[in-house]
Amino acid sequence: MQTQDILETIKMIDEECLDVRTITMGISLLDCADTDIDKSCEKVYNKICTKAKDLVKVGEQIEKEYGIPIINKRISVTPISMLVGVSGGDPVKYALTLEKAAQTVGVNFIGGFSALVQKGFSAGDRELIEAIPQALAQTEHICASVNVGSTKAGINMDAVKIMGQKIKECAELTKDENCIAAAKLVVFCNAVEDNPFMAGAFHGVGEPDVEIHVGVSGPGVVRAALAKAPKDAPMNEIADLIKRTAFKITRMGQMVGVIASERLGVPFGIVDLSLAPTPAVGDSVAHILEEMGLDMCGAYGTTACLAMLNDAVKKGGVMASSTVGGLSGAFIPVSEDAGMIDATRAGVLCLEKLEAMTAVCSVGLDMIVIPGETSAEVLSGIIADEAAIGMVNSKTTAVRLIPAIGKEAGEELEFGGLLGSGPIMPINQTKNDIMIHRGGRIPAPLQSLKN
């Protein structure tokens, strides 16, 4: 690396909020299945504590040696519904086991209290989904996800209906803690198996026994690069600038991933190049879009700018690493992005505009706080619409909604840390009960027949 490149990287870290958002160890728990749930939990605890015992230490060593901030150290595990299908019993036992393991090894989060039900429910799926509210309310470090649809399978509307209810229950159970359980639950369409980001991370059945993934984030770096561009530069030149910047960010992530893999003695999985914002000043995806020429995120032209940003990030990333994976794109979590928060408060950014934006970015309607009176059916309708966007466009989409129990539009929930502050967004409360209670399955679209 040339001296100029080194100085440029130092500036990105010191002044432009460049960081490795997470190193995530994926651990398969398939060999922990047992017909006795207590024995299975013991195996789960022992395997996680054995495989991930040095994860936090290695992450901190890399931070210290290279001066690269690594914000989170995380673990993703095999969807727990698969273990429940073998053992039976109360799935909350698994959640408490995962929580104990997280505290023992010192990670920030464990993802994988999950079920994949896009085509229907198999053994353990319904039990796990029913247990999600209690599991998240009783733990601090556990994240849950449910995949309700895919391009190949269509949308499981029975699961969509249930998930609206579960989101509401999560919020109710933790209403005295800013409804935090709902912030740890995400509903997917086309979920990916190697995602290092929470709350949706799980270790897919096609992954190796153990591996290490890296999630890189650099909205501030991209914004700083665009700020130097002439205001009359054409959009294709802006796209090229983003690609070059994404290349540099990805190279750093690749280096961290390779080093962590070597020191932990496990295979290197993927670099997830996602522009994941934080509430910190200068670390906003919305501000990147505004740097392209919008007065505020949500103005007409926002979706076009976001589509170009997402595409340019991917193009730059794949040139820098042969193992780009996960979600890799621009995240738009409202409560975690200072620019999105400002646009929501100003009334410029609404749920319908966000839904349009999710058609062209990663991942979906993320960290959106809505009035606590919102019905479970309306929540299910939002999930169904977002899943339809993912299904038809063959992309991953997701919903992470937080009903603010006892609060109305215009008020706020303060989460703190990476989760930020959530302005409560007014939403369309028109009833859709008959449609949601039909259940059944929305068939896969014609574009699923690609074999």
Side-chain angles (χ1 to χ4, degrees), residues 22-59 72-117 121-146 170 173 181 184-185 193-196 198-213 264-267 269:
T22 178
I23 54 172
T24 300
M25 178 176 281
I27 302 175
S28 172
L29 300 181
L30 292 177
D31 56 347
C32 299
D34 196 292
T35 53
D36 182 322
I37 189 170
D38 294 320
K39 289 182 180 177
S40 183
C41 286
E42 184 180 354
K43 292 177 184 178
V44 166
Y45 177 80
N46 289 338
K47 183 165 188 181
I48 291 173
C49 292
T50 300
K51 298 296 184 182
K53 68 181 189 300
D54 295 327
L55 177 61
V56 172
K57 181 178 74 175
V58 166
N72 277 301
K73 293 83 179 173
R74 300 166 171 169
I75 293 169
S76 62
V77 298
T78 304
I80 293 297
S81 64
M82 296 180 179
L83 301 189
V84 178
V86 176
S87 69
D90 184 1
V92 175
K93 283 191 173 184
Y94 284 108
L96 296 174
T97 299
L98 294 174
E99 177 68 20
K100 182 182 174 185
Q103 293 177 7
T104 299
V105 299
V107 292
N108 302 94
F109 290 107
I110 289 186
F113 198 79
S114 307
L116 311 179
V117 296
F121 301 95
S122 60
D125 289 335
R126 283 186 182 272
E127 292 85 348
L128 181 124
I129 291 171
E130 286 296 328
I132 284 173
Q134 283 294 338
L136 297 184
Q138 292 182 41
T139 60
E140 181 183 351
H141 300 88
I142 307 309
C143 292
S145 60
V146 177
C170 283
L173 281 174
K184 298 186 290 179
L185 170 61
E193 298 190 348
D194 57 2
N195 166 25
M198 301 297 168
F202 64 87
H203 188 70
V205 294
E207 302 294 306
D209 190 53
V210 185
E211 63 186 332
I212 198 81
H213 303 305
L264 291 165
V266 301

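This chain uses plain numbering: 1 for the first residue, then up along the sequence.
Heavy atoms only, all atoms of each residue included: P133 and C170 are closest at CA-SG, 3.6 Å. Nearest heavy-atom pair across H203 and P79 is O-CD, 3.5 Å. Of all the heavy atoms in I37 and D90, the pair that sits closest is CD1-O, 3.5 Å. Nearest heavy atom pair, residue A101 against residue I48, reads CB-CG2, 3.8 Å. Smallest separation of non-hydrogen atoms from S28 and T78: CA-OG1, 3.2 Å. Looking at every heavy atom in both residues, P196 comes nearest to A201 through C-CB, 4.2 Å.
For the atom pair CG (L29) and OG1 (T97), the distance works out to 10.5 Å, reported to the nearest 0.5 Å. For the atom pair CG (D36) and SG (C41), the distance works out to 9.0 Å, reported to the nearest 0.5 Å.
Take D194 and apply the side-chain contact (heavy atoms from CB on, under 4.5 Å) test, not counting sequence neighbours, and it matches V192, E207, H213, I270. Residues that satisfy the side-chain contact (heavy atoms from CB on, under 4.5 Å) test with E140, not counting sequence neighbours, are E99.
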Criterion side-chain contact (heavy atoms from CB on, under 4.5 Å) on I129 and V117, from CA distance to verdict: CA-CA 10 Å; I129 291 171; V117 296; 4.3 Å; yes

CA sep, side-chain torsions, deciding dist, call: E211, V266, side-chain contact (heavy atoms from CB on, under 4.5 Å): CA-CA 5 Å; E211 63 186 332; V266 301; 5.6 Å; no

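T139 places none of its side-chain heavy atoms less than 4.5 Å from the side chain of F113. K51 places a side-chain heavy atom less than 4.5 Å from the side chain of D209. Side-chain contact check for L264 versus V210: every heavy-atom pair is 4.5 Å or farther apart. Counting heavy atoms from C-beta on, the side chains of L55 and V105 never come closer than 4.5 Å. No side-chain heavy atom of I142 sits under 4.5 Å from any side-chain heavy atom of K184. For the pair K47/D31, a side-chain contact is recorded, criterion being any heavy-atom separation below 4.5 Å from C-beta on. In this structure, the side chains of V107 and R74 stay at 4.5 Å or more apart for every pair of heavy atoms.
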Give the table of side-chain donor-acceptor pairs shorter than 3.5 Å for residues 80-89, with sequence neighbours excluded, one pair per line with atom names and distance.
unit_1 : atom_1 : unit_2 : atom_2 : d
S81    : OG     : S114   : O      : 3.3
S81    : OG     : D125   : OD1    : 3.0
S87    : OG     : L83    : O      : 3.2
S87    : OG     : Y94    : OH     : 2.8

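Remark: side-chain polar atoms of E193 are paired, donor with acceptor, to backbone N or O of G206 under 3.5 angstrom.
When each of T24, T22, N72 is paired with N108, the side-chain hydrogen bond (donor to acceptor under 3.5 Å, both in side chains) condition holds for N72 and for no other.
Within 6.0 Å of NZ in K43 there are more than 12 heavy atoms belonging to other residues, nucleotides or ligands.
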